[in-house]
Asker: 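Input: one structure, supplied below.
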Number of protein chains: 2
Amino acid sequence: MKPPSEKTAGRRKSRPSFEPLQPHEIELADFFVRMAGILGVPRSVAEIYALLYLAPRPLNFDLIQGRLGMSKGSVSQGLKFLRDHEMILSVKAPGSRRESWMPTPSLASSLVALLRSQVLPALEQATPSLKRVLQDAQQNGTTPAVVERLERLNRWNSRALELFPLLLPPPPGS
Amino acid sequence: MKPPSEKTAGRRKSRPSFEPLQPHEIELADFFVRMAGILGVPRSVAEIYALLYLAPRPLNFDLIQGRLGMSKGSVSQGLKFLRDHEMILSVKAPGSRRESWMPTPSLASSLVALLRSQVLPALEQATPSLKRVLQDAQQNGTTPAVVERLERLNRWNSRALELFPLLLPPPPGS
DNA sequence: CCCAAGTTTCAATATTTTTTGAACTCAAGC
DNA sequence: GCTTGAGTTCAAAAAATATTGAAACTTGGG
């Protein structure tokens with residue numbers, strides 16, 4: 001908490017209260033929250049994104065926290081997530097060492113980055129497992145039908161791995 | 001096809017104990033569980049699917065419950081989910097009124113059905129909201145940049161709705 | 001150096017989702 | 001119309017996830 005040196009005198013330089021969310025902000029947030037849900041992204045992250053999406057200019061940490069009424073921890077983690085997935089950009093205001101945030105220009109490529117980060121690792125990690133399962137099945141004299149299934153699964157996996165980079169080219173920095 | 005492979009003839013017709021999962025079954029289950037996780041499908045469902053995927057022939061309720069060691073409730077709900085998403089087929093053994101289950105031939109179309117059922121409703125439901133948010137923004141004199149963002153979002157939404165049925169044709173029964 | 005604004009960390013807590021199991025339904029055969 | 005096997009339902013328990021907030025960390029300026 002704050003040390004007992006709170007200046008009560010006169011007006012404070014930053015208002016303690018923030019404008020509550022407007023109806024259109026709530027509506028867009030709902031949309032992003034639903035979409036995020038499909039990909040397993042937590043609500044708080046989607047809310048932050050929605051807020052930035054409708055903001056005419058970049059917002060800083062405190063504004064986000066205040067307007068969404070969420071904890072510092074959540075804002076910090078939410079921004080980290082969005083940063084890590086290249087969904088937001090920071091703009092440093094010249095005189096201040098604060099960062100302000102805005103959505104990256106392309107939502108499409110943001111989503112791509114997100115999908116990539118979820119699906120690709122899973123596919124990659126699965127490859128050796130799938131191969132093992134197939135070999136195992138072939139040796140232990142399983143039904144041809146099962147072997148066939150597993151072969152298809154393997155083909156699928158490798159095709160997906162090939163195709164992924166073509167469809168969704170990785171960003172420059174990776 | 002009765003179970004003549006049970007060499008332990010002359011015993012009780014239903015054993016109280018079931019074979020524990022084999023390593024390859026566990027490995028495949030892990031894979032399906034991970035993939036399912038991305039789409040928010042619960043672990044128990046993925047496990048059931050994996051078991052059926054490796055089974056040389058259709059399995060009935062009790063076998064599934066016994067081998068996976070899960071509750072009746074979970075098996076029932078899991079099978080319901082898989083049925084609803086057209087990921088499994090039932091085969092009624094003649095003579096018995098029990099159903100046995102096997103995976104549908106195409107995992108690909110199973111996944112398609114699943115994706116469809118998750119994403120499409122969200123997109124459809126969102127359309128009017130997105131339109132409202134855009135109009136609101138246009139009227140309330142928001143920055144051109146924000147209006148532009150929202151226009152793009154709307155275009156995106158309608159394109160996705162158009163494209164979806166083309167890429168992923170709905171099954172005959174809907 | 002030291003301070004303090006700005007942010008991150010993470011253990012504790014709250015919330016949401018999944019699983020369980022006992023009570024119930026539903027047909028089929030008697 | 002009763003019994004029984006097969007499965008479903010759903011409230012309550014367990015597990016998994018997300019959020020909170022106070023303490024710790026970082027960094028630029030004095």
Asker: Which pairs count as salt bridge (charged side-chain N to carboxylate O under 4.0 Å, His left out) when at least one residue sits in residues 62-82 of chain B, sequence neighbours excluded?
Answerer: E25(B)-R67(B), D62(B)-R98(B), K80(B)-D84(B)
Asker: Would you confirm whether N154(B), through its side chain, and L150(B), through its main-chain N or O, come within 3.5 Å as a donor-acceptor pair?
Answerer: yes
Asker: Does one side chain, of N60(A) or S100(A), offer a donor that lies under 3.5 Å from an acceptor on the other?
Answerer: no
Asker: Once you round it to whole Å, what is the distance between P of dA4(C) and CG of D62(A)?
Answerer: 18 Å
Asker: Who passes side-chain contact (heavy atoms from CB on, under 4.5 Å) against A160(A), sequence neighbours left out?
Answerer: L123(A)
Asker: Specify the separation, in whole Å, of atom CG of L59(B) and atom P of dG7(D).
Answerer: 12 Å
Asker: Whole-Å distance between dA22(D) C1' and Q65(A) CD?
Answerer: 13 Å
Asker: Expressed as a whole number of angstroms, how long is the span from L79(A):CG to dT19(D):P?
Answerer: 13 Å
Asker: Strictly under 4.0 angstrom, non-hydrogen atoms only: write out the protein contact profile of nucleotides 21-30 of chain C, one letter per nucleotide from the 5' end, B, S or -.
Answerer: B-----BS--
Asker: Check whether more than 12 heavy atoms from other residues, nucleotides or ligands sit under 6.0 Å from atom CZ of R57(A), and answer yes or no.
Answerer: no
Asker: Does either side chain, that of S74(B) or that of S44(B), offer a donor lying less than 3.5 Å from an acceptor on the other one?
Answerer: no
Asker: Taking the side chain of S76(B) as its heavy atoms from C-beta onward, which of dT9(D), dT20(C), dT7(C) lies nearest to it?
Answerer: dT9(D)
Asker: Over how many whole Å does the gap from F61(B) atom CZ to dG7(D) atom P extend?
Answerer: 6 Å
Asker: Using whole Å, what does the distance between atom P of nucleotide dA18(D) and atom NZ of K80(A) come to?
Answerer: 15 Å
Asker: Applying side-chain contact (heavy atoms from CB on, under 4.5 Å), name anything that partners A108(A), two or more places apart in sequence or on another chain.
Answerer: S106(A), W156(B)
Asker: What's the CZ-P distance between F81(A) and dT8(C), to the nearest Å?
Answerer: 15 Å
Asker: When you measure from the side-chain N and O atoms of R98(B) to the phosphate of dT4(D), is any distance below 4.0 Å, counting only OP1 and OP2?
Answerer: no
Asker: Of all of residues 38-55 of chain B, which get a heavy atom below 4.0 angstrom from DNA chain D, listed by number?
Answerer: none
Asker: Nearest whole Å is fine: how far is dA6(D) C1' from I64(B) CD1?
Answerer: 13 Å
Asker: Under the ring pair (Phe, Tyr, Trp, His ring centres under 6.0 Å) definition, can you give me all pairs with a residue in residues 84-122 of chain A, not counting sequence neighbours?
Answerer: F81(A)-H85(A)
Asker: Would a 4.5 Å heavy-atom cut-off, applied to side chains only, mark R152(B) and E148(B) as touching?
Answerer: yes
